[in-house]
Amino acid sequence: MPIDTNRIKGKTVENGVIGAKIVHILEINSSTYYRKLGSGGGAFIIT
């Protein structure tokens, strides 16, 4: 299932959440988070 990265980015801005908080919650490296968003989100696995 493709992930709408633009929607994710929009929701984070809408809710005032910054990338640092997201990577902390997801427990991943910030470089990994931004690389996955930049590649279209195909590498994100939601369980």
Side-chain angles (χ1 to χ4, degrees):
M1 178 175 155
I3 295 175
D4 187 351
T5 55
N6 288 327
R7 185 172 178 199
I8 291 173
K9 292 174 187 177
K11 286 291 185 181
T12 56
V13 170
E14 180 182 311
N15 291 301
V17 179
I18 59 172
K21 184 173 182 177
I22 294 171
V23 299
H24 177 74
I25 292 168
L26 296 175
E27 297 179 355
I28 62 173
N29 185 287
S30 61
S31 296
T32 303
Y33 172 72
Y34 289 111
R35 184 178 64 250
K36 288 181 177 190
L37 278 183
S39 68
F44 274 113
I45 298 173
I46 300 172
T47 57

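In this text the structure is predicted, and so the values were computed from the model without any measurement.
R35 contributes atom CZ, which lies 10.0 Å from atom OG of S30 (distance to the nearest 0.5 angstrom). Interatomic distance, Y33 OH to L26 CG, rounded to the nearest 0.5 Å: 7.5 Å. Expressed to the nearest 0.5 Å, how far CG of N6 lies from CG of L37 amounts to 9.5 Å.
Remark: N15 pairs with no residue by the side-chain hydrogen bond (donor to acceptor under 3.5 Å, both in side chains) rule, at least two apart or across chains. Remark: I18 engages A20, K21 in a side chain to side chain contact (heavy atoms under 4.5 Å, CB included) (not counting sequence neighbours).
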Distance-only check: which donor-acceptor pairs under 3.5 Å involve side-chain atoms of residues 7-14, not counting sequence neighbours?
residue: T12; atom: OG1; partner: I8; partner atom: O; Å: 3.3
residue: T12; atom: OG1; partner: K9; partner atom: O; Å: 2.7

